[in-house]
Participant: 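Quick one: this structure, given as C-alpha cells, is what I'll be asking you about.
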Amino acid sequence: MTLRPADDSVLASLRDVLPERVFAEMRPGVLEEPRGRFRGSGGQLLRPECTGQVAEIIRWANAARVGVIPFGGGTGLVGGHVLPDGPAPLILSLERMSTVFDIDPVDNVLVVGAGAVLADVQTAAKDADRLFPLSIASEGSCQIGGNLATNAGGMQVVRYGSARDLCLGLEAVLPDGSIYRGLNCLRKDNTGYDLRNLLIGSEGTLGVITAATLALHPLPGVTVSAFAAISSPSAGVRMLREAADRLGNTLSVFELISKTGVDFLRETVPGTRIPLSGDDAWYLLVEVADAHDSGIESRVEDFLARQLEDGRVSDAVLAANEAQRQAFRHIREMLPEANRRIGAIASHDISVPASRIQEFIDRGLALVAEFGPLRVNCFGHIGDGNLHFNIFPPAGCSPDELESVRRNRDEITRRIHALAVACQGSFSAEHGVGRLKTGELNRYGDPGRLRAMRGIKAALDPSGIMNPGAVLD
C-alpha cells in the first residue's frame with residue numbers, strides 16, 4: 001500500500017487532535033545516523049507526552065497512511081531510525097516519556113517510560129540499592145525504548161543476558177492505535193502468544209514501545225576487575241570455559257581487546273593509560289562480582305595464576321580500587337569512539353559460537369589482507385561470541401588510496417558476513433537489521449522464518465506504516 005507524505009495538508013487533521021506543543025522543529029541528529037551512512041529526507045518531528053498521545057498519533061497515521069519512524073537516542077548504527085527516501089514520515093520521539101513510575105525492591109522491578117535514558121535507569125536502580133545491568137557504550141544517551149526495540153546486548157550479557165532477558169513486561173501502541181497494556185512483573189505467565197518478546201527486537205516495525213517493566217538484580221557488594229594479556233583469542237575462549245567452572249555465575253564481563261584497538265586509543269584519546277607495560281597482541285577485560293566478599297579476589301588471583309602457568313596469560317593486573325576498575329572499563333568502552341576518530345571503512349557486528357572465534361578471526365584477517373595492508377580492530381564480547389570486526393585504511397593513507405579502498409567496502413562486508421554464517425554465526429549480533437542489513441537478511445535468513453515474519457508484519461501492520469523499510473525491505 002502506498003504511503004503518503006506528512007506534509008502540511010495531511011497534518012492539518014492531526015493538529016486538531018494533538019496539543020501544538022507535541023509538534024516540534026527538526027533538530028540536528030534526528031535525520032542522520034552516527035556513521036553518516038544514512039540521511040533522512042525530512043518529516044514531521046513529534047514529541048508526545050503520554051501513551052494516549054502516542055495512540056492518537058498512530059491511529060491517525062494508520063488511517064491517513066503516513067509512515068511512522070520511532071526515534072530514541074539516535075545511537076543506532078544500522079539506519080533503523082532514519083528513512084533516506086520515500087514519503088516524508090512522522091518521526092516519533094519519546095524523550096518526554098521518561099518517568100520512572102515505580103521501583104519495587106521486593107519484586108525486583110522498575111517500571112519506566114520508554115524515553116528514559118539508560119544511564120538514568122541505572123542510577124534509579126542504584127538509588128534503590130539494586131542493579132539494572134544493561135551496560136553499553138552509548139548508555140549516556142540511548143533510551144530504554146530503543147534498547148528494547150533492538151534487543152541491545154553490551155558487556156554483561158555473559159551473566160545477565162540481553163535487553164530481552166531484562167524485561168518482564170511492556171506497554172506498547174500497536175499499528176492500529178490500540179494499546180497493549182502488559183506492564184506486569186510476573187516471571188511466569190503462560191497465557192498465549194508472547195507479545196512482549198515479539199515486540200522486543202522488532203525495531204519499531206510492529207509497534208511503539210511506550211513503557212517497560214525491567215528486572216533488577218542485587219547490587220554487587222564487591223567487584224574484582226582484571227586486565228590480562230593473552231596469547232590468542234582461542235586462549236581467551238579456553239579461559240572463559242575455566243572461568244565459568246571456577247567462578248560460576250559471579251563472572252560478569254569477559255571482553256576481548258586487540259592491540260590495534262589499544263593503538264587506536266593511544267592515538268586518538270589523549271591520556272589513555274593501558275595497565276600493562278607490554279605490547280601484546282590480545283587482551284582480556286574480566287570482571288567478577290558477588291553480593292559479599294567471600295574470598296572472591298583470591299579466587300580470581302588463583303584463576304589468573306593458573307592461566308599464567310598454562311601459558312594462556314603472559315601478564316595480568318587486578319584493579320586496586322574503584323577508580324582503577326573504572327579505568328579498565330574505560331579502555332573497553334572508548335574503543336567505538338576511537339574507531340570513529342580513526343575512520344572505519346567497514347564495520348561488522350557478528351556472532352559465532354565461542355568454539356569458532358579463533359577460526360573466524362584467522363580467516364577474517366586473511367580475507368581482509370587480500371584487499372591490501374588494511375588494519376583490523378577486532379574486539380567484543382567473547383563471553384557470548386559477539387565480535388566487532390572493523391576495517392580501517394592503512395596509516396598515512398592518501399585521499400586517492402582511501403577512495404580506492406572504500407570502493408571495496410561492500411565486497412569486504414559481503415565476504416565477512418558470509419564467513420560469519422559459514423562459522424554457524426550471525427551477520428547481526430546486537431545492533432539489529434535496520435535498513436543497512438535488509439539484503440543480508442534476505443540472503444541468509446531461513447525461508448520459513450522470513451515467511452512467518454512477513455506474515456506477522458502483514459497481520460499487525462497491513463498498511464505498512466511502522467518504520468517502513470526497516471528489517472523487512
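On a predicted model such as this, the values are computed, not experimentally measured, just so you know.
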Participant: Do Thr205 and Glu203 have side-chain N/O donor and acceptor atoms under 3.5 Å apart?
Facilitator: no
Participant: Could you walk me through whether Val376 and Thr260 satisfy the side chain to side chain contact (heavy atoms under 4.5 Å, CB included) test, starting with their C-alpha distance in whole Å, then the side-chain angles of each, then the deciding distance to 0.1 Å, before giving a yes or no?
Facilitator: CA-CA 7 Å; Val376 176; Thr260 302; 5.9 Å; no
Participant: Under 3.5 Å, is there a donor on one side chain and an acceptor on the other for Asn249 and Arg159?
Facilitator: no
Participant: If we ignore hydrogens and angles and just use 3.5 Å, is the side chain of Asp461 paired with the main-chain N or O of Ile465 as donor and acceptor?
Facilitator: yes
Participant: State the CD1-CZ distance between Ile209 and Arg196, to the nearest 0.5 angstrom.
Facilitator: 11.0 Å
Participant: Check the orientation of His388 and Phe379. Use parallel for under 30°, tilted for 30 to 60°, and perpendicular for over 60°.
Facilitator: tilted
Participant: Calculate, to the nearest 0.5 Å, the distance between atoms CG and CG belonging to Leu83 and Asn467 respectively.
Facilitator: 8.0 Å
Participant: Show, in sequence, the C-alpha distance, side-chain angles and deciding distance for Leu110 and Val100, and conclude whether the side chain to side chain contact (heavy atoms under 4.5 Å, CB included) test is met.
Facilitator: CA-CA 7 Å; Leu110 181 152; Val100 176; 4.2 Å; yes
Participant: Any chance you could lay out the side chain to side chain contact (heavy atoms under 4.5 Å, CB included) test for Gln44 and Phe23, step after step, and finish with the verdict?
Facilitator: CA-CA 8 Å; Gln44 173 61 56; Phe23 295 82; 4.0 Å; yes
Participant: Do the side chains of Met239 and Val313 get nearer than 4.5 Å, heavy atoms only?
Facilitator: yes
Participant: Verify whether one side chain among Glu139 and Gln122 offers a donor that lies under 3.5 Å from an acceptor in the other.
Facilitator: yes
Participant: Please round to the nearest 0.5 Å and tell me the distance separating atom NZ of Lys437 and atom NE2 of His348.
Facilitator: 8.0 Å
Participant: Are the side chains of Leu214 and Leu168 in touch, meaning some heavy atoms are under 4.5 Å apart?
Facilitator: no
Participant: Please test Asn377 against Phe264 for side chain to side chain contact (heavy atoms under 4.5 Å, CB included), starting from the C-alpha separation and ending with a verdict.
Facilitator: CA-CA 9 Å; Asn377 185 11; Phe264 283 0; 4.0 Å; yes
Participant: Scan side-chain atoms only and decide if Gln156 and His381 contain a donor-acceptor pair under the 3.5 Å cut-off.
Facilitator: no
Participant: Heavy-atom distance under 4.5 Å between the side chains of Val237 and Gln358, does that happen here?
Facilitator: no
Participant: Quick one about Ser314 and Asp280 (side-chain donor to acceptor, distance below 3.5 Å, no hydrogens or angles considered), yes or no?
Facilitator: yes
Participant: Give a yes or no on this: more than 12 heavy atoms of other residues, nucleotides or ligands lie within 6.0 Å of atom CZ of Arg449.
Facilitator: no
Participant: Is there side-chain contact between Tyr180 and Leu199, with heavy atoms separated by less than 4.5 Å?
Facilitator: yes
Participant: Classify the side-chain pair Ser234/Ser232 by whether it contains a donor and acceptor separated by less than 3.5 Å.
Facilitator: yes
Participant: Report the distance from atom OG1 of Thr150 to atom CG of Leu148, rounding to the nearest 0.5 Å.
Facilitator: 8.0 Å
Participant: Just by modelled atom types, is the Arg312 backbone N or O under 3.5 Å from a matching donor or acceptor in the Asp310 side chain?
Facilitator: no
Participant: Check whether any side-chain heavy atom of Ile144 lies under 4.5 Å from a side-chain heavy atom of Phe132, and answer yes or no.
Facilitator: yes
Participant: Can you check whether Gln143 reaches Leu118 side chain to side chain, under 4.5 Å on heavy atoms?
Facilitator: no
Participant: Counting the benzene-type ring for Trp, do Tyr160 and His217 have ring centres under 6.0 Å apart?
Facilitator: yes
Participant: Can you see whether Thr51 engages Arg181 through a side-chain donor-acceptor pair at a distance of less than 3.5 angstrom?
Facilitator: no
Participant: For the CZ atom on Arg273, are there more than 12 heavy atoms of other groups (residues, nucleotides or ligands in this structure) within a distance under 6.0 Å?
Facilitator: no
Participant: Determine whether Leu90 and Trp60 make a side-chain contact, defined as any pair of heavy atoms from C-beta on separated by less than 4.5 Å.
Facilitator: yes
Participant: For the CG atom of Leu441 and the CG atom of Leu450, what is their distance to the nearest 0.5 Å?
Facilitator: 5.0 Å
Participant: Can you tell me how far apart CD1 (Ile103) and CG (Asp129) are? Round to the nearest 0.5 Å.
Facilitator: 11.5 Å
Participant: Checking Arg266 against Thr272 for the side-chain hydrogen bond (donor to acceptor under 3.5 Å, both in side chains) test, could you report, in this order, the C-alpha distance in whole Å, the side-chain angles of both residues, the deciding distance, and whether it holds?
Facilitator: CA-CA 6 Å; Arg266 287 170 171 153; Thr272 298; over 6 Å; no
Participant: Please lay out, stage by stage, how Arg341 and Glu337 fare under the test salt bridge (Lys or Arg N to Asp or Glu O under 4.0 Å).
Facilitator: CA-CA 6 Å; Arg341 294 179 185 181; Glu337 176 61 18; 2.8 Å; yes
Participant: How about Val78 and Arg435: do any of their side-chain heavy atoms sit closer than 4.5 Å?
Facilitator: no
Participant: With under 30° as parallel and over 60° as perpendicular, where do the rings of His417 and Phe427 fit, or are they tilted in between?
Facilitator: tilted
Participant: Is it the case that more than 12 heavy atoms not belonging to Glu20 sit under 6.0 Å from its CD atom?
Facilitator: yes
